[in-house]
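Some notes on the structure that comes next.
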Amino acid sequence: MDSRGQAGSEVAAIKTARLEAGVSGAAGTRRAAQMLREGGTVAFPTETVYGLGANALDSMAVAKIFSAKGRPAWDPLIVHVDNRAMLEKVAILPPDTGEALERLMYTFWPGPLTLLLPRAPQVPFAVTAARPLVAVRMPKHPVAQELIRLAGVPIAAPSANRFGHTSPTTAAHVLADLDGRIDAVLDGGAATVGVESTVFDVAARAIYRPGAVTAEMISAVIGADVHVVRASADAQIAESQSASPGMAERHYAPHAQLVLVNGQAEMAAEIGKHPAADVGVMLPDGWNAGHASAVFRWGPWDNLDMLARLLYLGLRMLDDRGVKIIVCPLPPATGLGEAVRDRLEKAAK
Ligand code: TXA
Ligand code: MG
């Protein structure tokens, strides 16, 4: 199972298996599911970003996720399921929030909404970082669904990047961060949403991480107000103690320094402050890149779906060009723009 050899000196030389997801029933997906059943770590595509999966009910397998990513033990994992029986293995469905919960699952699953629910006793403490709630979601990507179904177990999966780094939206991004540190990556093409799922605490009616499922959408479905918790309100609290880790510290970050600007005039002024060779830019269509040496053409400024889908690809491509500074405009805070702003603000810390 473990393809990384015994001797420490060999570890760097032996690479992660790259499996093709192909069409339904493909050998790559079946092999990946077998690796998960045997306690291995497999990165796989979801509609949001690539996840790094392991059997959520096997604490040894879950431990491998933390060491591959360099993730601190206080940051809990999302469990991915593909049916109700699997959901009930990891979460206790609370009768009091019953109707809201049913409506949320009915409306948004499968899809980019993660629900915080009371944890079932058999979920290892490592998964929830010893918290009382477990994060669960049912992904929409057909390869993710088939993989979970074939594995037959709930799959714990954070984004498949080194801790704190930009999330991966392709199999190549996964390998750039984790080659040699995980057993396999299942290649199912580029993620279509591009930013991670909304994290929603059902009982508290609180969003801890904005995503494609917005506060307005949730509010309309449950017929009640939804509170969006912002990191700044928690500034005094250490990240490990916050309601949902991931809100406060630097996350999603490229290697270059990220500088956020509002509007075209501010962007031009910022680019002008730096030597041309040092500066890369996330450039909306029709905007001026000035003398920036590296330009990622981000798309139409009013197409928030496209801006979200290409966000991490652009940051990684500009990083690959070796620029010291990435200048990026903040999109409007509507729809998916809220999630893009959230990731950019955390990446710029
Ligand atoms: O779209 C996604 O959600 C992707 C794909 C792979 O599904 N996964 C993902 O996982 O983004 P990760 O680990 O990178 O982010 C999980 C977020 C973190 O902010 C974490 O703190 C929060 O969810 N979270 C997980 N379990 C929690 C819990 N029990 N209580 C509070 N927050 C939790
Ligand atoms: Mg992540």
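Residue numbers run from 1 in the order of the sequence given. All ligand and atom numbering here is 1-based and tracks the order in the structure.
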If Ile, Leu, Val, Met, Phe, Trp and Tyr residues are connected whenever their side-chain heavy atoms lie under 4.5 Å apart, and connections chain through other members, are Leu101 and Val79 in the same group? yes

Side chain, backbone, both or neither: which part of His251 comes within less than 4.0 Å of ligand 1 when only heavy atoms are counted? neither

Check the pair Val42, Ile155 against side-chain contact (heavy atoms from CB on, under 4.5 Å), reporting the backbone distance first and the verdict last. CA-CA 10 Å; Val42 177; Ile155 302 297; over 6 Å; no

Report, in ascending order of atom number, the atoms of ligand 1 lying under 4.0 Å from any heavy atom of Leu77. 26 (N)

Heavy atom to atom 8 (N) of ligand 1, shortest distance: which of Ala157, Ala135, Gly51 holds it? Ala157

Should the ring pair Phe163 and Trp74 be called parallel, tilted or perpendicular, given that the plane angle runs from 0 to 90° and is split at 30 and 60? perpendicular

Per atom 15 (O) of ligand 1, closest listed option by heavy atom (Glu196, Arg209, Lys346): Arg209

Ignoring hydrogens and angles, state whether a donor on the side chain of Thr114 or Ser197 is under 3.5 Å from an acceptor on the partner side chain. yes

Any donor-acceptor N or O pair under 3.5 Å, side chains Tyr312, Glu196: yes

N, O or S atom of Ser159 closer to the Mg ion (ligand 2) than 2.8 Å: yes

Heavy-atom contact check, 4.0 Å cutoff: does Arg119 meet ligand 1? no

Looking only at non-hydrogen atoms, which of Ser244, Pro139, Ser159, Pro76 approaches atom 12 (P) of ligand 1 most closely? Ser159

Against Thr46, only a single residue in His80, Arg137, His141 fulfils side-chain hydrogen bond (donor to acceptor under 3.5 Å, both in side chains); can you say which? Arg137

